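Quick caveat, the model's predicted, so the values are computed rather than measured.
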Amino acid sequence: MTAPGVVLPVFGHRSAAVDASFREIDGRMVSWFSLDGGKHRGAIGTAEGEAIERAVHLAVEVGVPIVGRIASSGADVSDGVASLHAWGCVAKALSDASGVVPVVLLLVGPAVSGPALLLGIADHVIMTEDAFAYVTGPDVVVAFTGVPIEGDRLGGATVHERQSGVATCVVADEDDAMVALEGLLSYLPSNHLADPPREDTDDPVDRPAARAAAAVPTRATASYDVRTVIGDVLDEHSFLELRDRYAASMVTGLGRLDGRAVGVVANQPMQQAGSLDIDAAQKAARFVQWCDCFNLPVITFVDTSGYLPGKDLEWRGIIRHGAQLLHAYAAATVPRICVVLRKAYGGAYIVMDSAGLGVDYCIAWPTAEIAVMGAPPAVQILHRRRLQAIDDPIERAQEQAKLVAEYEDRFLNPYIAAERGYVDSVIEPSQTRAVITRALRTLRTKRAQLPPKKHGNIPL
């Protein structure tokens, strides 16, 4: 790994397991700590906790991102209860830093027991392929459940990339981890009071988004890759997808428009027809909340048929978890732009940053279908008795097809929503890039204020 250059060591506490200093990474100053080595490979004891805590506090005072390199065997047993207190103090410091400066952790080895929870506090976690993390290890799982399991299956990089969502991305080694870190930091401000850095671009802001326009099929049930739309609307080669293997029905990532960094949220019709489930809602909610922390405008591309139905999802609390995304959008004060590409049905339409949640500018393509639900289920509800009264199956099917066509012509379009003011403009798809860029320029000086309070009670 190419180590970042040391600018100023963090004095005051020394530990064989922790190296802490201010460093430059790709020209950006960060507060760096590396938890590794020592008698028990990065075990957190009193000295280690104090060193990391100081590095975090100094980062907040100076206003620079926190970057931690972690390979920890957990709390240092030889320190007894003091080691538990030590990592608890680190958790408190990182929690205080959350939303003030970006927090990125590089997991390059183990992270086990209580200290593994520190990964959940970080904004982003970059894991190497050989890294692993779990709160209770395989031996404890076997003793408690009687079911044997290998460490990789319990908390390996693939598990955290695809199933738990802990890992923002998984890379081959530490060199690749530094490359991923540099790419991520290039979009971010140093702290919550600064604007994201702007990069010069040769991509014209009024370039027609021809590939985006051609990518979306007119047939509502046909799938496509929404990343084609995103990549064409944003500045060329600027899209950085985050947590791409987790909750794949929802796309989240960073990009640039006119050289300015933005956050992007989009339904992915290639997965579950873009339907929302618990993981997708949580993934998008945390991303929107994080963008709001660091002054990143949010652009939302909508193409969803609604929430994914199912007994298990209801029992697991899709009402509560689905509302997390609702709350995140409604509370966000950064510029927010919504683009309805095609389907926008029911509660999922509202949740995906609709006018009701206070979006700043909502545009729709002519192919947009903004309605309570799709045509077939709507006809079944509205005309059930009429259809049941027809005995002949062929005649009933013909009547149903006629009613579906009438419903589609009357309701499945963006114009009714536009007439009521829920959509600001219906545009040609090829003009999407130009329209969004103009809207962002207009909203650059937006200053929103929330009602005075300590904080909202997001439905965690």
Side-chain angles (χ1 to χ4, degrees), residues 1-38 42-72 86-109 111 115 118-119 121-128 168 171 174-199 254 261 290 293-296:
M1 180 183 72
T2 304
V6 177
V7 176
L8 181 67
V10 176
F11 297 105
H13 300 282
R14 298 183 182 276
S15 164
V18 175
D19 169 28
S21 59
F22 285 109
R23 303 190 175 196
E24 280 193 358
I25 297 179
D26 195 30
R28 294 286 299 276
M29 185 71 69
V30 304
S31 181
W32 165 278
F33 69 85
S34 178
L35 177 63
D36 197 354
I44 298 181
T46 302
E48 291 77 19
E50 290 176 345
I52 297 173
E53 187 181 6
R54 178 168 170 78
V56 172
H57 285 159
L58 286 174
V60 172
E61 291 177 10
V62 177
V64 297
I66 297 165
V67 177
R69 175 184 175 274
I70 293 180
S72 173
W87 79 257
C89 290
V90 173
K92 174 66 165 66
L94 287 174
S95 298
D96 290 343
S98 179
V100 179
V101 295
V103 179
V104 183
L105 299 182
L106 313 180
L107 184 59
V108 299
L118 300 178
L119 303 176
I121 299 176
D123 296 321
H124 293 284
V125 176
I126 300 171
M127 289 184 71
T128 56
T168 299
V171 296
E174 290 194 46
D175 285 334
D176 287 346
M178 291 303 300
V179 172
L181 172 66
E182 291 173 3
L184 178 59
L185 289 177
S186 70
Y187 292 89
L188 306 182
S190 292
N191 55 69
H192 72 298
L193 298 176
D195 290 326
R198 187 179 189 276
E199 288 194 359
L254 301 171
W290 175 70
C293 288
F294 296 110
N295 307 314
L296 291 159

Name the one of Ile126, Asp176, Asp26 that satisfies side chain to side chain contact (heavy atoms under 4.5 Å, CB included) with Leu181? Ile126
Passing candidate, side chain to side chain contact (heavy atoms under 4.5 Å, CB included) with Ile66, options Val104, Leu58, Val56, Asp123: Val56
What pair of heavy atoms forms the shortest contact from [X] to [Y], and how long is it?
X      : Y      : result
Ser190 : Pro102 : O-CD, 3.3 Å
Arg28  : Leu185 : NH1-O, 2.6 Å
Val108 : Glu174 : CG1-CG, 3.6 Å
Glu53  : Val90  : N-CG2, 4.5 Å
Ser186 : Pro197 : O-CG, 3.2 Å
Ile121 : Ser95  : CD1-OG, 3.8 Å

To the nearest 0.5 Å, tell me how far [X] [atom1] sits from [Y] [atom2].
X     : Y      : atom1 : atom2 : result
His57 : Glu61  : NE2   : CD    : 8.0 Å
Trp87 : Leu35  : CH2   : CG    : 13.0 Å
Ser98 : Trp290 : OG    : CH2   : 11.5 Å
Glu50 : Ile44  : CD    : CD1   : 12.5 Å

Please step through side-chain contact (heavy atoms from CB on, under 4.5 Å) for the pair Thr168 and Leu184, ending with a clear verdict. CA-CA 10 Å; Thr168 299; Leu184 178 59; 5.6 Å; no
With side chains defined as the heavy atoms from C-beta onward, is the minimum distance between Val103 and His124 less than 4.5 Å? no
Answer yes or no: is there a donor N or O on one side and an acceptor on the other, between the side chain of [X] and the main chain of [Y], under 3.5 Å?
X      : Y      : value
Asn295 : Pro196 : no
Asn191 : Ala194 : yes
Ser31  : Phe22  : no
Glu48  : Gly45  : yes

Please evaluate residues Thr128 and Leu107 with respect to the criterion side-chain contact (heavy atoms from CB on, under 4.5 Å), reporting the C-alpha separation (whole Å), side-chain torsions for both, the decisive distance (0.1 Å), and the verdict. CA-CA 7 Å; Thr128 56; Leu107 184 59; over 6 Å; no
Those residues at least two apart in sequence (or on a different chain) that pass side chain to side chain contact (heavy atoms under 4.5 Å, CB included) with Ser34 are Asp19, Trp32, Asp36, Arg69
For Cys293, which residues count as a side chain to side chain contact (heavy atoms under 4.5 Å, CB included) partner, sequence neighbours excluded? none
Check step by step if side-chain contact (heavy atoms from CB on, under 4.5 Å) holds for Leu105 and Leu119. CA-CA 7 Å; Leu105 299 182; Leu119 303 176; 4.0 Å; yes
Run the side-chain contact (heavy atoms from CB on, under 4.5 Å) check on Leu254 and Leu296 step by step: do they pass? CA-CA 9 Å; Leu254 301 171; Leu296 291 159; 4.0 Å; yes
Taking salt bridge (Lys or Arg N to Asp or Glu O under 4.0 Å) as the test, write out the residues that go with Asp96, two or more places apart. Lys92
